[in-house]
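The structure appears below as structure tokens.
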Amino acid sequence: MKDLEDRILRDGKCLPGGILKVDNFINHQMDSALMFQCSAEFMRLFADKKIDKILTVEASGIAPAVFAGYLMRVPVVFAKKAVPKTMDSAYVTTVHSFTKQRDYTVFVSKEYLHEGERILVIDDFLACGNASVGLADLCRQAGAAVQGFGFIVEKAFQGGRAEIEKAVPGCRVESLAVIESLDNGTIEFAKEM
């Protein structure tokens, strides 16, 4: 998505350790017009799929998931990193955060993820694929079927796509901006995926 790539080049920053800082327009302060545009693109990319619900993980995936849910007219559920007192029973899995270098236990109430539902997973970043594989595990526990994964930014050099394809064979993965390299502080996009 050219507008997204242009914005990443203009306002994104490369940090040591393969980190792309885009917190001034994606995952801290958000450009709502760009987020809406990204979500409209997700709707277009998955128009051939019957989607019952969108699933993401708190916190940065919530905004694109909600915009996409609004456009697709489906509910959005986000996996929580802490169990509230109001949650009686939950599906539970553990995911590793590349950016924060720690493990999180994430939960989805059994009230909101059901057998037979067709799920679209949306998140801001695909790096190593841990969060996405964890969300797929929550769907598996519930008997729901993942129809696809949508990401605003994919860091192809970190191998997350392969991890998702291994965990959910045959499932489509769509990324709006695919970064091939952040070497030497330079953002280099993949030519084609």
Listed pairs under 3.5 Å, donor-acceptor, residues 131-148 side chains, sequence neighbours left out:
residue, atom, partner, partner atom, Å
D137, OD1, R140, NE, 3.1
D137, OD1, R140, NH2, 2.5
D137, OD2, T93, OG1, 2.9
D137, OD2, Q141, NE2, 2.9
Q141, OE1, V92, N, 3.4
Q141, NE2, V92, O, 2.9
Q147, NE2, A145, O, 3.4

Review point. Picking from V77, L120, I122, V76, what satisfies side chain to side chain contact (heavy atoms under 4.5 Å, CB included) with L55?
Key: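 Of all the options given, the one that passes is V77.
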Are any non-hydrogen side-chain atoms of [X] and [Y] less than 4.5 angstrom apart?
X: I164; Y: L126; answer: yes
X: R7; Y: D31; answer: yes
X: I179; Y: E154; answer: no
X: T186; Y: C14; answer: no
X: I8; Y: L20; answer: yes

With [X] via side-chain hydrogen bond (donor to acceptor under 3.5 Å, both in side chains) - residues at least two apart:
X: K2; result: D6
X: E174; result: R172
X: Q37; result: D3
X: H114; result: E117

Exercise for review: Sorted by first residue and then second, give each ring-ring contact (aromatic ring centres under 6.0 Å, His included) pair with at least one member in residues 138-163; sequence neighbours left out.
Suggested key: none
Review point. Can you list every ring-ring contact (aromatic ring centres under 6.0 Å, His included) pair that touches residues 168-189, not counting sequence neighbours?
Key: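 ring-ring contact (aromatic ring centres under 6.0 Å, His included) check on residues 168-189 returns no pairs.
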Check your understanding: Within the distance-only criterion (no hydrogens, no angle test), does the side chain of D123 pair as donor or acceptor with the backbone N or O of T56 below 3.5 angstrom?
Key ->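 The answer is no, because no donor-acceptor pair under 3.5 Å joins these two groups.
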Partner residues of [X] under the side chain to side chain contact (heavy atoms under 4.5 Å, CB included) criterion, sequence neighbours left out:
X: D23; result: K21, N27, H28
X: Y104; result: K81, V95, S97, K100, R102, V106
X: D183; result: S181

Exercise for review: Just grab all the salt bridge (charged side-chain N to carboxylate O under 4.0 Å, His left out) pairs involving residues 56-70, residues at least two apart or on different chains.
Suggested key: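 Sorted result for residues 56-70: empty, none.
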Practice item. Report yes or no: is the cationic atom of K53 (NZ for Lys, CZ for Arg) under 6.0 Å from the centre of the six-membered ring of Y112, at an angle within 45° of the ring normal? Key: no
Review point. When clusters are formed by joining ILVMFWY residues with side-chain heavy atoms under 4.5 Å apart, either directly or through shared neighbours, do F25 and V153 land in the same one?
Key: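 Hydrophobic grouping puts F25 with V153.
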Review point. Cluster question for you: counting only ILVMFWY and a side-chain heavy-atom cut-off of under 4.5 Å, with indirect links fine, are M1 and M30 together?
Key: yes
Please report, to 0.1 Å, the donor-acceptor pairs under 3.5 Å made by any side chain of residues 59-75, with sequence neighbours excluded.
residue, atom, partner, partner atom, Å
R73, NH1, Y70, O, 2.4

Check your understanding: More than 12 foreign heavy atoms under 6.0 Å from CG of N184: is that the case here?
Key ->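 Counting other residues, nucleotides and ligands, CG of N184 stays at 12 neighbours or fewer.
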